[in-house]
Peer 1: 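Please read through the structure below; I'll follow up with questions.
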Amino acid sequence: MISVIVPCYNAARTLSACLRSVRQQCIPIKEVLVVDDASVDGSAELAERLDCTVIRLPVNGGVSAARNAGAAAATGEILFFADADGALAPDAVANAVRLLLADPEYACVQGMYGPDPLVDDGPVERYKTLHGYLWRRRSVGRVRTAIFALAAIRRDAFQAVGGFDERLRDSEDVEFSTRFGRRFGILLTETVTGWHDDVDRLVPMLREQLRRSRLLPSMMLIERRTRAGGGIPAAPTERTEESARPLVANRAPTVLCGAMTVASGLLAVPTALWSPWTLAVPMVCLLAFVVSDLPMVRGVVAHRGVRFLGVFLGLHLLVQATIVAGALLGAVREVAGPTMAAAEPVKP
């Protein structure tokens with residue numbers, strides 16, 4: 001009944017923990033499909049030793065291609081997607097399937113990683129993991145976007161909208177959801193949990209954020225076109241889409257205030273020695289940045305204590321500035337010429 005699909009690219013460091021957590025689920029799993037995306041670190045051989053079905057892709061095609069290949073080979077009625085750099089709680093799959101079967105309006109149930117990393121490699125990873133947990137927790141319920149790190153989906157529903165767009169290596173979940181959400185309900189729940197081994201260095205984290213943020217303008221165009229029609233049939237009832245909340249990692253006021261804090265701070269520092277008042281603007285922006293998302297601030301203190309709050313806010317500021325920079329670059333690229341991401345959506 002249940003097929004677990006694990007896309008994998010050079011994930012030998014965490015793949016064993018991932019697959020062992022799948023084998024330890026409290027519900028029977030029909031098959032575990034590891035789609036090896038042309039890894040060179042022995043990931044495929046490791047998966048075979050752990051008695052998984054391994055699908056080897058001849059060239060690296062990205063996570064969209066890997067997930068589609070796994071879905072095409074799966075025989076279960078329910079597909080559970082799990083990332084190779086995470087591990088599942090023992091009841092994760094059972095809880096997802098229970099919720100999926102309890103309400104026929106939902107065709108996808110997604111969970112969230114916990115606030116602590118699978119492998120703790122320092123403050124950057126603690127920030128990234130905790131932030132991911134906090135922004136997902138505030139959106140629990142019916143949502144518009146599915147993130148397929150921990151997600152169960154009916155196979156017939158997945159096939160009905162055409163799978164992932166294999167031209168995308170980032171934001172593929174968002175693009176898929178713009179098509180999927182018009183026909184099927186998506187539920188985000190705290191009962192489907194696990195742990196994630198996230199990026200643990202500052203420059204790679206910011207580079208990843210910049211790359212993803214560059215797709216924001218094209219994703220907005222895709223969503224606008226899809227909601228206007230886009231060739232994808234709407235759900236038989238308006239309840240699904242209208243009552244779904246957007247899944248937002250960074251709120252617009254926080255992004256704006258964070259970017260303004262960084263920009264005004266960079267401008268004020270050179271003149272601060274002879275004109276200390278120039279620091280007033282970045283200080284006001286910083287205060288607005290903190291106030292813009294007090295629930296997240298309280299969440300950081302609750303999980304990591306006051307001492308970590310300064311580290312969290314400093315890294316969070318840099319991320320918000322990077323989001324704005326990436327979005328501006330993406331907007332310029334869209335004006336210069338539409339990207340592949342803004343092309344026609346995948347047809348079911």
Side-chain angles (χ1 to χ4, degrees), residues 1-7 18 21-33 67 70-71 74-83 86-115 132-164 173-174 176-196 227 232-249 348:
M1 180 182 181
I2 305 165
S3 297
V4 175
I5 299 170
V6 182
C18 172
S21 73
V22 172
R23 293 300 188 190
Q24 294 168 358
Q25 292 299 296
C26 63
I27 188 174
I29 304 297
K30 182 177 184 179
E31 58 191 356
V32 181
L33 304 171
R67 287 176 179 155
T75 59
E77 298 172 9
I78 295 175
L79 310 178
F80 190 99
F81 289 95
D83 282 354
L88 308 178
D91 60 353
V93 177
N95 288 339
V97 171
R98 173 178 54 81
L99 291 170
L100 199 59
L101 298 179
D103 189 340
E105 186 173 349
Y106 292 122
C108 178
V109 173
Q110 64 177 312
M112 64 181 72
Y113 289 123
Y133 168 75
L134 291 173
W135 71 256
R136 286 176 174 84
R137 190 182 64 174
R138 72 187 177 200
S139 301
V140 165
R142 188 186 304 273
V143 293
R144 296 178 187 172
T145 307
I147 307 298
F148 284 86
L150 293 169
I153 185 171
R154 293 203 325 258
R155 186 173 60 156
D156 62 331
F158 180 85
Q159 294 172 335
V161 297
F164 293 96
D173 311 78
V174 178
F176 177 86
S177 298
T178 60
R179 292 178 280 122
F180 189 84
R182 280 185 59 81
R183 298 183 61 178
F184 304 104
I186 303 170
L187 177 68
L188 172 63
T189 174
E190 287 185 285
T191 67
V192 178
T193 60
W195 302 269
H196 188 216
R227 293 190 182 282
I232 305 297
T237 171
E238 293 298 322
R239 179 184 164 207
T240 297
E241 192 170 12
E242 288 187 356
S243 61
R245 68 185 70 182
L247 196 56
V248 179

Peer 1: Does some side-chain heavy atom of Pro115 sit less than 4.5 Å from a side-chain heavy atom of Leu134?
Peer 2: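 No - every pair of side-chain heavy atoms lies 4.5 Å or more apart.
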Peer 1: Do Tyr106 and Arg154 touch side chain to side chain, with heavy atoms closer than 4.5 Å?
Peer 2: no
Peer 1: Under 3.5 Å, is there a donor-acceptor pair between the side chain of Arg138 and the main chain of Val248?
Peer 2: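 Here the side-chain-to-backbone pair exists.
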Peer 1: Please find the pair of heavy atoms, one from Ala107 and one from Phe184, that lie closest to each other, and give the distance.
Peer 2: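 Looking at all heavy atoms of both residues, the closest pair is CB-CB, 3.6 Å.
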Peer 1: Test Ile2 against Glu31 for side-chain contact (heavy atoms from CB on, under 4.5 Å), laying out the working first.
Peer 2: CA-CA 7 Å; Ile2 305 165; Glu31 58 191 356; over 6 Å; no
Peer 1: Kindly say whether Leu88 contributes a backbone atom to a donor-acceptor pair with the side chain of Ser21 at under 3.5 angstrom?
Peer 2: yes
Peer 1: When you measure from the side chain of Ser177 to the backbone N and O of Thr145, does any donor-acceptor pair fall under 3.5 Å?
Peer 2: no
Peer 1: Distance-only, no hydrogens or angles: does the Arg144 side chain make a donor-acceptor pair with backbone N or O of Arg245 under 3.5 Å?
Peer 2: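 Absent.
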Peer 1: Who pairs with Tyr113 by ring pair (Phe, Tyr, Trp, His ring centres under 6.0 Å), at least two apart in sequence or on another chain?
Peer 2: His196
Peer 1: Is it true that Asp83 and Arg67 make a salt bridge, defined as a side-chain N closer than 4.0 Å to a carboxylate O?
Peer 2: yes
Peer 1: Drop me the distance from Asp91's CG to Ile27's CD1, to the nearest 0.5 angstrom.
Peer 2: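 Rounded to the nearest 0.5 Å, the CG-CD1 separation comes to 10.5 Å.
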Peer 1: List the steps and the verdict of side-chain contact (heavy atoms from CB on, under 4.5 Å) for Phe81 and Ile153.
Peer 2: CA-CA 8 Å; Phe81 289 95; Ile153 185 171; 3.7 Å; yes
Peer 1: Roughly how far, to the nearest 0.5 Å, is CG of Asp173 from CZ of Phe180?
Peer 2: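 Here the interatomic distance stands at 12.5 Å.
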Peer 1: Nearest 0.5 Å, what's the CZ-CG distance between Arg136 and Leu150?
Peer 2: 8.5 Å
Peer 1: Less than 4.5 Å apart, any side-chain heavy atom of Leu33 and any of Val4?
Peer 2: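 No, every pair of side-chain atoms sits at 4.5 Å or beyond.
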Peer 1: side-chain contact (heavy atoms from CB on, under 4.5 Å), that's the test. Do Gln25 and Phe80 meet it? Break it down for me.
Peer 2: CA-CA 12 Å; Gln25 292 299 296; Phe80 190 99; over 6 Å; no
Peer 1: Working note: Phe148 + Phe158, criterion ring-ring contact (aromatic ring centres under 6.0 Å, His included); need CA distance, chi angles, decisive distance, verdict.
Peer 2: CA-CA 12 Å; Phe148 284 86; Phe158 180 85; 7.2 Å; no
Peer 1: Can you name the nearest heavy-atom pair linking Ser139 to Val143, along with the distance?
Peer 2: O-CG1, 3.3 Å
Peer 1: So how far is it from Leu79 CG to Cys108 SG, rounded to the nearest 0.5 Å?
Peer 2: 10.0 Å
Peer 1: State, without any angle test, whether Gln110 and Thr189 hold a side-chain donor-acceptor pair at a distance under 3.5 Å.
Peer 2: no
Peer 1: For Glu190 versus Val140, what's the shortest heavy-atom pair and its separation?
Peer 2: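 Taking Glu190 first and Val140 second, the nearest heavy atoms are CG-CG2, 3.5 Å.
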Peer 1: Return the CG to CD distance between Leu100 and Glu105, rounded to the nearest 0.5 Å.
Peer 2: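 Nearest 0.5 Å value for the CG-CD distance: 12.5 Å.
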Peer 1: side-chain contact (heavy atoms from CB on, under 4.5 Å) between Ile78 and Ser3: does it pass, once the steps are laid out?
Peer 2: CA-CA 6 Å; Ile78 295 175; Ser3 297; over 6 Å; no
Peer 1: Side chains of Arg23 and Val32: closer than 4.5 Å at any heavy-atom pair?
Peer 2: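 A side-chain contact exists here, since the closest heavy-atom pair is under 4.5 Å.
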Peer 1: Is it true that a side-chain atom of Arg179 and a backbone atom of Gly163 form a donor plus acceptor pair closer than 3.5 Å?
Peer 2: yes
Peer 1: Answer yes or no: is there a donor N or O on one side and an acceptor on the other, between the side chain of Glu77 and the main chain of Met1, under 3.5 Å?
Peer 2: no
Peer 1: Within the 4.5 Å heavy-atom criterion, are Arg98 and Thr191 side-chain neighbours or not?
Peer 2: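 Arg98 reaches Thr191 side chain to side chain.
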